[in-house]
> 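Below is the structure I would like to discuss, written out as structure tokens.
Letters go in sequence order (proteins before strands), and every chain restarts at 1. All values reported here derive from a predicted model rather than from experimental measurement.
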There are 4 protein chains.
Amino acid sequence: MSPKIVDREAKRQAILAAAIAVFAEKGYHATKMADIARKAEMGKGTLYEYFRTKEELPKSIFGLMLEAFDQEISQLEQAHADPVDAIMAGIQLCFQDLDEFAYVTPLVFEILGNKDLDRSIGLSEDFKQWLEGINQFFIAQIQAGQAQGKISSKLSAPIFARMLVSILDGMATHYCMFHFQPDFFMAQVKALEDMVCSYLVSSIGDKQ
Amino acid sequence: MSPKIVDREAKRQAILAAAIAVFAEKGYHATKMADIARKAEMGKGTLYEYFRTKEELPKSIFGLMLEAFDQEISQLEQAHADPVDAIMAGIQLCFQDLDEFAYVTPLVFEILGNKDLDRSIGLSEDFKQWLEGINQFFIAQIQAGQAQGKISSKLSAPIFARMLVSILDGMATHYCMFHFQPDFFMAQVKALEDMVCSYLVSSIGDKQ
Amino acid sequence: MSPKIVDREAKRQAILAAAIAVFAEKGYHATKMADIARKAEMGKGTLYEYFRTKEELPKSIFGLMLEAFDQEISQLEQAHADPVDAIMAGIQLCFQDLDEFAYVTPLVFEILGNKDLDRSIGLSEDFKQWLEGINQFFIAQIQAGQAQGKISSKLSAPIFARMLVSILDGMATHYCMFHFQPDFFMAQVKALEDMVCSYLVSSIGDKQ
Amino acid sequence: MSPKIVDREAKRQAILAAAIAVFAEKGYHATKMADIARKAEMGKGTLYEYFRTKEELPKSIFGLMLEAFDQEISQLEQAHADPVDAIMAGIQLCFQDLDEFAYVTPLVFEILGNKDLDRSIGLSEDFKQWLEGINQFFIAQIQAGQAQGKISSKLSAPIFARMLVSILDGMATHYCMFHFQPDFFMAQVKALEDMVCSYLVSSIGDKQ
DNA sequence: AATGAATGAGCCTTCATTCAT
DNA sequence: AATGAATGAAGGCTCATTCAT
């Protein structure tokens with residue numbers, strides 16, 4: 001409410017923006033606090049007015065990102081009446097705003113790859129929970145679809161859902177890492193949707 | 001006249017084994033050369049008799065691994081007469097010996113996440129080529145299958161193949177990172193094979 | 001708003017003074033950065049705020065010294081109308097402030113004696129040029145003296161001048177290394193001047 | 001007498017020769033024991049059968065050199081009847097075999113410049129004594145010449161002699177360091193002899 | 001609140017020396 | 001006697017963090 005508060009929050013954001021940019025360019029370990037200060041156009045000391053340690057920076061960055069993710073997932077839960085539609089929407093959601101995320105992919109890797117850092121930031125734990133959220137969404141939709149006779153009863157919802165989560169992460173990660181042409185990637189997504197969709201509904205109506 | 005006889009190759013392997021173990025436990029940056037020396041039960045100086053720098057260790061580790069991979073891929077090329085069988089074999093190959101690989105997954109992440117380290121080791125470049133090898137294998141098999149009328153002509157080989165590569169990497173990575181129960185993962189692989197297989201042959205014989 | 005105010009130049013000088021003192025006491029290789037930091041009463045890290053490497057220290061020390069030398073030589077060029085007077089003044093200049101220089105003589109030796117160090121510092125190159133400057137001064141004065149009939153035409157200016165340079169360096173160096181009594185050394189200088197002076201004018205007016 | 005002894009002595013010499021060569025090329029600090037072993041074509045361990053430490057190598061090298069010097073000086077003492085001739089011979093002696101010495105000049109510098117090393121090797125002490133031997137020789141000859149009326153009584157033998165020693169060292173050192181053309185250097189030596197000779201006999205027969 | 005000078009713990013690497021063979 | 005593999009103490013340098021101004 002007071003101007004001070006606004007200032008502080010804006011400055012925090014400015015620092016985070018600078019940190020994201022420099023981390024993305026150099027990676028976490030290769031980034032010095034001095035680099036971030038320079039990018040944010042402030043003194044090194046000032047950074048420590050807003051973040052107690054270097055580790056707080058990725059902690060905040062990913063905290064915000066995962067928070068945003070979580071919101072989007074919970075929105076999904078309600079938007080679609082038809083389970084198969086909902087699943088397709090879930091797939092699409094995973095590939096939304098991927099370009100923004102591509103930026104920090106190497107940073108995610110570096111943190112997940114460093115036990116100490118990861119423990120302190122809790123990234124892999126948060127990440128796991130985020131995936132689990134998606135997983136639960138898919139499980140629920142598949143089971144609903146099976147109950148409604150719209151999805152083959154032969155497939156195991158927990159197994160298929162978890163497989164789907166891995167698949168989506170794999171495709172998203174490869175897009176982020178290898179910088180596919182958008183058209184080429186879109187075609188891949190289309191192929192995936194097609195394959196998943198036909199598989200879900202396959203043998204519905206088969207006599208058993 | 002009789003200098004101390006040492007099996008240098010065995011010692012190199014012992015060091016690499018120690019390095020893998022410590023890297024896996026702590027990550028690359030958090031691992032000190034002293035840690036590796038202690039694990040390998042030798043002096044710090046001895047490490048440098050076998051590897052010029054700390055970076056040489058992951059370089060050797062991944063050099064050996066990717067070499068082994070490459071051999072296995074090239075073997076695949078010939079073993080299967082039926083393209084669809086070959087594709088299934090390719091999928092299975094990607095999930096072979098995954099437990100051994102799981103060990104170093106975080107190390108891969110950390111290196112891919114660090115520009116300097118990656119450049120010096122050349123891991124992402126090697127990794128990309130390895131994936132490209134698999135991609136080419138799938139493309140070739142799909143096209144062969146289409147030529148033989150065993151695979152639907154509707155799908156684009158380059159797009160589907162590349163999607164499959166991303167999918168396989170995603171599933172393998174999630175297995176390595178989240179330590180699924182083997183049965184649970186096997187069921188996922190089964191579901192994937194099932195889905196891919198039906199998609200490849202779908203609408204063969206459809207009148208169009 | 002008001003950052004810590006520091007006279008960076010003064011601090012640089014303080015570090016150089018400490019470095020000279022410790023180098024003089026122990027020699028370059030035996031001096032640890034920690035020794036210099038202790039002598040300068042600051043942390044090791046602070047040294048690196050002012051000098052990028054250990055080698056920068058002798059580089060700066062000799063840079064400043066040779067700069068001062070060069071100025072003094074160029075002043076000599078004009079101050080004396082009579083060439084013989086100028087030569088005597090040149091000789092005296094070489095023995096001025098010798099006590100200050102005595103301090104770093106062993107350091108000069110150590111650097112000149114170490115190929116790598118010398119290359120990086122460029123000391124022997126600078127030193128050579130400095131001697132060449134003195135040499136040219138003597139050559140010019142001798143030739144002027146010969147043109148004016150004040151110096152024997154029999155002697156070769158380039159040869160005599162270069163000999164004189166070696167002689168002066170030899171005497172200065174011995175003074176610095178063996179710490180002669182000032183009176184004893186002054187008497188040597190006097191003898192040299194006497195000898196050189198009589199030799200320069202010898203056989204002027206001889207009929208030939 | 002026994003072949004073993006001869007073998008050992010030959011090997012010691014081989015090691016010293018290798019050491020001189022490598023020290024000359026790289027300087028003392030930059031030379032590793034492994035370099036010397038390689039040059040001498042033997043194992044590192046073997047070096048330590050002949051020399052207890054790295055420092056023993058320059059200690060032996062200079063021990064032998066200075067021993068050879070001392071012999072030559074003492075020979076001078078008797079060879080010349082005329083004091084002025086003897087002094088000229090002394091000057092020439094200082095410039096004999098200079099090319100051989102040029103080889104190790106940087107090594108001498110490096111050792112003289114390092115207090116610890118010098119103390120352990122005792123080089124500067126030995127060097128000082130060697131110079132003092134030459135000094136005493138010149139003093140004796142000058143005084144003899146003065147007694148015989150062949151050298152001006154005006155000059156102080158101790159002062160002139162010591163000056164001469166510094167001069168000779170200066171010229172020899174510059175030859176070794178700056179690699180003058182032999183002719184150019186010979187002409188300098190000639191000029192020096194000429195100057196010294198005329199100065200010694202100057203004003204003999206002056207009325208006083 | 002903002003700054004950046006100062007700090008020192010910590011790490012990779014070197015290399016003289018040892019010693020088992 | 002000869003070897004060279006093994007060792008570990010030591011040093012230059014980095015950089016996250018502190019704190020005086």
> Starting at the 5' end of nucleotides 12-17 of chain E, put B wherever the base has a protein heavy atom under 4.0 Å, S where only the sugar-phosphate does, and a dash everywhere else.
SBBSSB
> Give a yes or no on whether a salt bridge exists between R119(A) and D116(A), defined as a side-chain N under 4.0 angstrom from a carboxylate O.
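D116(A) and R119(A): salt-bridged.
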> Return the value, rounded to whole Å, for the distance between atom CG of L47(B) and atom P of dA5(F).
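From L47(B) CG to dA5(F) P: 15 Å.
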> Given dA5(F), is OP1 or OP2 found less than 4.0 Å from the side-chain N or O atoms of Y50(B)?
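No, outside the criterion.
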> So, D118(D) and K115(D), do they make that salt bridge, N to O below 4.0 Å?
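Salt bridge between D118(D) and K115(D), a charged N being under 4.0 Å from a carboxylate O: no.
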> Given atom CD1 of I36(A) and atom P of dG4(E), what is their separation to the nearest angstrom?
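Interatomic distance, CD1 of I36(A) to P of dG4(E): 16 Å.
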> When the distance from CG of L57(A) to P of dA16(F) is rounded to whole Å, what number comes out?
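Taking CG of L57(A) and P of dA16(F), I get 11 Å after rounding.
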> Is there a donor-acceptor contact under 3.5 Å from the side chain of K32(D) to the main chain of A30(D)?
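Flag not set: sc K32(D) to bb A30(D) has no pair under 3.5 Å.
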> Looking at side-chain heavy atoms only, is the closest gap between R38(D) and D35(D) below 4.5 Å?
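A side-chain contact under 4.5 Å exists here.
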> Write down the distance between CG (D35(C)) and P (dA10(F)), rounded to a whole number of angstrom.
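Spelled out: CG on D35(C) to P on dA10(F) is 13 Å.
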> In whole Å, what is the span from the CG atom of D7(B) to the C1' atom of dT21(E)?
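For the pair D7(B) CG and dT21(E) C1', the rounded distance is 16 Å.
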> Given that both distances must come in under 3.5 Å, which nucleotide forms a Watson-Crick or G-U wobble pair with dT3(F)?
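In the structure as shown, dT3(F) has dA20(E) as its Watson-Crick or wobble partner.
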> With a 4.0 Å limit, can you tell me whether K11(D) has a side-chain N or O closer than that to the phosphate oxygens OP1/OP2 of dA2(F)?
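Yes, within the criterion.
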> Distance check needed: dT3(F) P versus R38(D) CZ, whole Å only.
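To the nearest whole Å, that distance equals 14 Å.
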> Grab the CZ-C1' distance between R12(C) and dA5(E) for me, whole Å please.
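Those two atoms, CZ and C1', are 16 Å apart.
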> Should the pair F23(C) and Y28(C) be assigned to parallel (<30°), tilted (30 to 60°) or perpendicular (>60°) ring geometry?
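The arrangement is tilted - the two ring planes meet at 30° to 60°.
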> So, is the end of the K54(D) side chain (NZ or CZ) under 6.0 Å from the ring centre of Y48(D) and within 45° of the ring's axis?
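Negative - K54(D) is either too far from the ring of Y48(D) or too far off its axis.
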